[in-house]
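Structure, as structure tokens:
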Amino acid sequence: MSDFYVTTPIYYVNARPHLGHAYSTLVADALVRFHRMQGENAFFVTGSDEHGDKIMRSAEKNGQTPREFVDAISGEFRRLWPELGIDNYRFARTTDDDHVRFVQKILQRVYDAGDIYFAEFSGHYCYGCERFYTEKELENGLCPQHLAKPEFISEKNYFFRMSKYLPWIKSHIEEHPDFIRPERYRSEVLAMLDAGVLEDLCISRPKSRLTWGIELPFDTDYVCYVWFDALLTYLSALGPLNCEDFKRCWPGEHLVAKDILKPHAVFWPAILKAAGLPVYTHLNVHGYWLSRNTKMSKSLGNVVDPLEMVKKYAIDPFRYFLFREMHFGSDASFSEEALVGRINADLANDLGNLFSRVLSMTAKYFSSHVPQPCKRHEADDAIVELCASSMRNFTQLFGKIQFAQALECLWVLVRALNKYVDSQAPWALYKQGNMERLATVMYILLAAMRKVALCLWPVMPVTSCRMLDQLGQTADVKTPPVPQINDEIASFEGLYAGTEVAAQSNLFPRVETEGASEVKKAKPKEQKAVKPDRKQVAPRAEKNDEGTPADVLPEIDFEAFKTVDMRVGTIIEASKHPDADRILVFRIDFGEGAPRQILSGLAEYYTPAELVGRQVCAVLNLKPRKIRGLVSNGMVLTALQDDKLTLIGPCTEMPNGSSIA
RNA sequence: CGCGGGGUAGAGCAGCUCGGUAGCUCGUCGGGCUCAUAACCCGGAGGCCGCAGGUUCAAAUCCUGUCCCCGCAACCA
């Protein structure tokens, strides 16, 4: 049997790992565990992309050599994975010697085949993007990403004849509906190919401009440009072509986020084809994790640190949440509130409590030993049947990377088991002295719980093992609990009468809501602003008809008003925005420990110097917003009429942080 | 006509490929149970599936149009 092989992107080590990196890697880990539970050999490759201009510049900024810089950040990534319970992977670096040799070998091969040519190229180069733009792509002569004027550069470079392979890629995608999944991304790529905007790929940079890269084997004056370098990591990590690992693992599949769809869906198959290698089997594309429905970004300061969440809530609940909450392919929203909600509802109440009540009854009625079941009733058969179908659905959906749906199927079983406890009322059977019936019911419950624990191993390995351990099974986070999960679906058996089980269980303690509200108080930002939805907008027109002044907004209730957090603060620093002539940048003390940066369009009305020391009122829980590169964490209140403007402040001095109502 | 995603119960979402009684979780109201982690179980209330047309015996689902929201982008947060 061929091995299961999947990759995460090779993360660009320009920044520290965040939730998105963690998610991709966790998915790879879970898929590998899932395949191992089906008797396959499986592992994945992750790693770091360490070449390029941006890295050079970041290193310089830190006063480090590129090598020192990438060693440090790459190390952060490598240290994170074990903390998240991730296992069975190789960590590849684009600066590894083996990788460098591998890339050079492939480049030479493609060059020899005539698919790389040398050409004079002049174009608009944006240093921010590290790429050339065609006239068509520029907006008013500016880079659409950075809105900066690109430099017009004319130089000779090497090009990969990608256009030659585009028709083949298109037909391959058309013939293999699962090649790019979910389907929305497949459609996007097909649209991209039809648009005809894809050209040959520039794959080199002259050393005069960039030295931090892999030297081209056929021209030592040039280094390789990012994609040829990074994408080939997926192969080089396996070892040389034709080595044992390579033969068993390739073709494998890939896991990426939607931002790097194009290189993986178009460039990469073309490169593989040109190198005479088989193309990957699946490109699995997931969406973004949003924070408060906004994209996470370093500059907005709303980046979720996975380690912090793991420390606070433990690995497995965190993993469960990510798999349960995101529908693979779509964006999903991360919030601590939602995480706590899932922990309490799904894990503590449904699953944890099931273990707790059943094990405690087993202790009471059978001295913590699995009883010998007797004749099954109809209700028992229904559970046995549901158990099989839930597991079957779970494995099928999981294999199709529909994790949220898979878990939901499993929870159908968990909830049914809780119902079964209620409907069979073991405590009543015990009182009646109906030990035969009691034994059967308890056996059904314990055996089904074992099945649930088995299924959960890919998602929650630690908890899965604890559950199995409580059920008297041997289990280990690194080894699949059963050699072949499909056998477990086929037969309800597997738990033997007489096995000693734990007397009690507390798998997922509830996260108390006081804790949650403390979180809310500490971060007023977390509170949801009341959105004026269409139902509230509609009455507005009616009110106007009734004679309310047209410029007064529709009424809101007190609850809505309370969601606005307004405070008094003292301006301790004021300066002009370096890149925006109407904006002033303030640092204002709201008694929060550290001053808060707020931007405001006051430059026409005030000079920075005259404002320092003044007390102002501001809204603190407004969604942070970036203005010309700087983040504003709130809004200073002003009164404005026509061209008159004045700041609003308290009439007498108030302590910083005083609230306004 | 910039590109992409989306509008389904108070909140968050599934269903849409392949039309056939509108579903899940949380919340809420009422009841039950006492094995359990203030948990579990049952029941109720709450939706013109954004809007308008069209196709059809039948549309959340297919088609057309339209409005709105989000991300990317944008100097008045």
Side-chain angles (χ1 to χ4, degrees), chain A residues 137 139 142 144-147 177 182-185 187-188 191-192 195 258-259 261 287-288 290 293-295 297 324-327 329-333 335 337-338 341-342 344-365 402 404-405 408 411-412 415 417-430 442 445 504-513 528 531-535 537 577 579-584 598-605 618-620 622-638 640 645:
Chain A
E137 289 171 310
E139 287 172 11
L142 301 178
Q145 290 293 318
H146 294 80
L147 293 186
E183 192 171 358
R184 50 168 21 135
Y185 297 108
S187 318
E188 203 175 319
M192 208 186 288
K258 64 184 185 182
D259 55 336
L261 176 62
Y288 286 142
L290 310 177
N293 291 318
T294 327
K295 192 180 168 181
S297 78
R324 179 63 187 80
E325 196 76 2
M326 177 176 267
H327 288 83
S330 310
D331 292 351
S333 191
S335 74
E337 215 178 333
R342 285 283 177 202
N344 283 344
D346 297 1
L347 298 180
N349 295 356
D350 288 348
L351 183 58
N353 185 45
L354 174 69
F355 269 71
S356 174
R357 65 201 305 210
V358 172
L359 286 174
S360 134
M361 284 190 280
T362 309
K364 203 174 284 183
Y365 308 145
Q402 299 183 24
Q405 294 90 330
E408 179 54 31
W411 252 254
V412 168
R415 290 188 202 108
L417 291 173
N418 271 321
K419 271 177 223 198
Y420 178 77
V421 172
D422 271 59
S423 69
Q424 301 308 310
W427 51 91
L429 296 172
Y430 182 69
M442 294 312 293
L445 284 166
Q504 55 195 358
S505 168
N506 189 6
L507 295 166
F508 306 100
R510 283 181 61 85
V511 178
E512 287 314 323
T513 37
K528 274 216 161 165
K531 269 193 239 160
D533 60 18
R534 53 189 177 284
K535 279 172 194 159
V537 171
H577 191 302
D579 303 316
D581 49 32
R582 290 181 188 166
I583 308 292
L584 294 183
I598 296 185
L599 277 64
S600 189
L602 301 179
E604 288 171 89
Y605 305 95
V619 178
L620 297 193
L622 202 56
K623 182 171 162 181
R625 167 146 177 183
K626 203 160 101 173
I627 298 164
R628 275 304 251 226
L630 292 178
V631 183
S632 182
N633 297 302
M635 181 167 71
V636 175
L637 300 185
T638 58
L640 175 67
L645 179 145

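Worth knowing before you read on, the calculation uses all heavy atoms, side chains too, and leaves out hydrogens, waters and symmetry mates. Everything numeric in this text was worked out from a predicted model, so none of it was measured. A, B, ... follow the sequence lines: proteins, then strands. Residue 1 opens every chain.
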State which of C40(B), C13(B), C41(B) makes the closest approach to the side chain of R415(A).
C41(B)
Decide yes or no for V619(A) and L637(A): does some side-chain heavy atom of the first lie under 4.5 Å from some side-chain heavy atom of the second?
yes
Taking atom P in both C35(B) and A45(B), compute the distance separating them and give it to the nearest angstrom.
32 Å
Y430(A) OH - U34(B) P separation (whole Å):
16 Å
Would you mind classifying the nucleic acid contact of D331(A) as base, sugar-phosphate or nothing, using non-hydrogen atoms under 4.0 angstrom?
nothing
Hey, are E337(A) and R342(A) close enough for a salt bridge, meaning a charged N less than 4.0 Å from a carboxylate O?
no
Considering only the C1' atoms, how many Å lie between G10(B) and C29(B), rounded to the nearest integer?
14 Å
Quick check: any donor-acceptor pair below 3.5 Å linking the side-chain of N353(A) to the base of A39(B)?
no
Give, for atom CG of N353(A) and atom OG of S505(A), the distance between the pair rounded to the nearest 0.5 Å.
9.5 Å
Check whether N418(A) reaches the backbone of D350(A) with its side chain - one donor and one acceptor, N or O, closer than 3.5 Å.
yes
Side-chain heavy-atom pair Q402(A), H327(A) within 4.5 angstrom cut-off:
no
R357(A) CZ to C33(B) P, straight-line distance once rounded to whole Å:
14 Å
Any side-chain to backbone donor/acceptor pair from Y185(A) onto G329(A)? Under 3.5 Å, distance only.
yes
Donor-acceptor pair, D331(A) side chain versus G287(A) backbone, under 3.5 Å?
no
Hey, does S356(A) reach any base, or is it just sugar-phosphate, or nothing, if we go heavy atoms under 4.0 Å?
base
Using the C1' atom as the point on both nucleotides, what is the distance between G27(B) and G44(B), in whole Å?
14 Å
Can you list, in residue-number order, the parts of residues 421-428 of chain A that come under 4.0 Å of RNA chain B, counting heavy atoms only?
V421(A), D422(A), W427(A)
Where the side chain of L599(A) is defined as all heavy atoms beyond and including C-beta, which of U25(B), A77(B), G12(B) is the nearest nucleotide?
A77(B)
I'd like the P distance from A22(B) over to C13(B), given in whole Å.
23 Å
Base, sugar-phosphate alone, or nothing: which one does L507(A) contact when heavy atoms must sit under 4.0 Å apart?
base
C69(B) and U28(B): how far apart are their C1' atoms, nearest whole angstrom?
27 Å
Whole-Å distance, D346(A) CG to C13(B) C1', equals 13 Å
Value in whole Å for how far the P atom of C26(B) lies from CZ of R510(A)
11 Å
By nearest-heavy-atom nucleotide on RNA chain B, the more 5' of G341(A) and I598(A) is G341(A)
Exercise: identify the closest heavy-atom pair between W427(A) and D422(A)
CH2-CA, 4.3 Å
So if I take every side-chain heavy atom of N418(A) and compare against C26(B), C40(B), C13(B), which nucleotide ends up nearest?
C40(B)
Which nucleotide, C35(B), U37(B), U25(B), lies nearest any side-chain atom of A348(A)?
U37(B)
Please confirm whether the shortest side-chain N or O distance from N349(A) to OP1 or OP2 of C40(B) is below 4.0 Å.
yes
What's the CE-C1' distance between M442(A) and A36(B), to the nearest Å?
11 Å
Report which part of the nucleic acid K258(A) touches: base, sugar-phosphate, or nothing (heavy-atom distance under 4.0 Å, all strands).
nothing
Taking C40(B) as the reference, what is the distance to G53(B) when you measure between their C1' atoms (whole Å, please)?
50 Å
Apply side-chain contact (heavy atoms from CB on, under 4.5 Å) to the pair N349(A) and R510(A), showing each step before the final yes or no.
CA-CA 8 Å; N349(A) 295 356; R510(A) 283 181 61 85; 2.6 Å; yes
Determine the interatomic distance between P on G23(B) and the same-named atom on G46(B); round to the nearest Å.
14 Å
Candidate nucleotides C24(B), A36(B), C40(B), ranked by approach to the side chain of E408(A) - the nearest
C24(B)
Look at the side chain of T362(A) and the backbone N and O of V358(A), then say whether any donor-acceptor pair between them is shorter than 3.5 Å.
yes
Proximal nucleotide (of U25(B), A36(B), C35(B)) relative to the Y365(A) side chain
C35(B)
Heavy-atom side-chain proximity of F508(A) to D346(A) below 4.5 angstrom
no
Student check: side-chain heavy atoms of V421(A) and P426(A) closer than 4.5 Å
yes
Value in whole Å for how far the C1' atom of A36(B) lies from CG of L417(A)
14 Å
Using a 3.5 Å limit on both pairing distances, list the dot-bracket string of RNA chain B from the 5' end; Watson-Crick and G-U wobble pairs count, crossing pairs take [ ], interstrand pairs take |.
.(((((((.[[[[.)....(..]]]].(((((.......))))).....[[[[[..)....]]]]])))))).....
Rounded to whole angstroms, how far apart are CG on L347(A) and P on U37(B)?
17 Å
Is K419(A) near enough to C42(B) that one of its side-chain N or O atoms lies under 4.0 angstrom from OP1 or OP2?
yes
C1' spacing across the pair A14(B) / A73(B), given as an integer number of angstrom
32 Å
May I have the distance from R342(A) (atom CZ) to U25(B) (atom P), rounded to whole angstrom?
10 Å
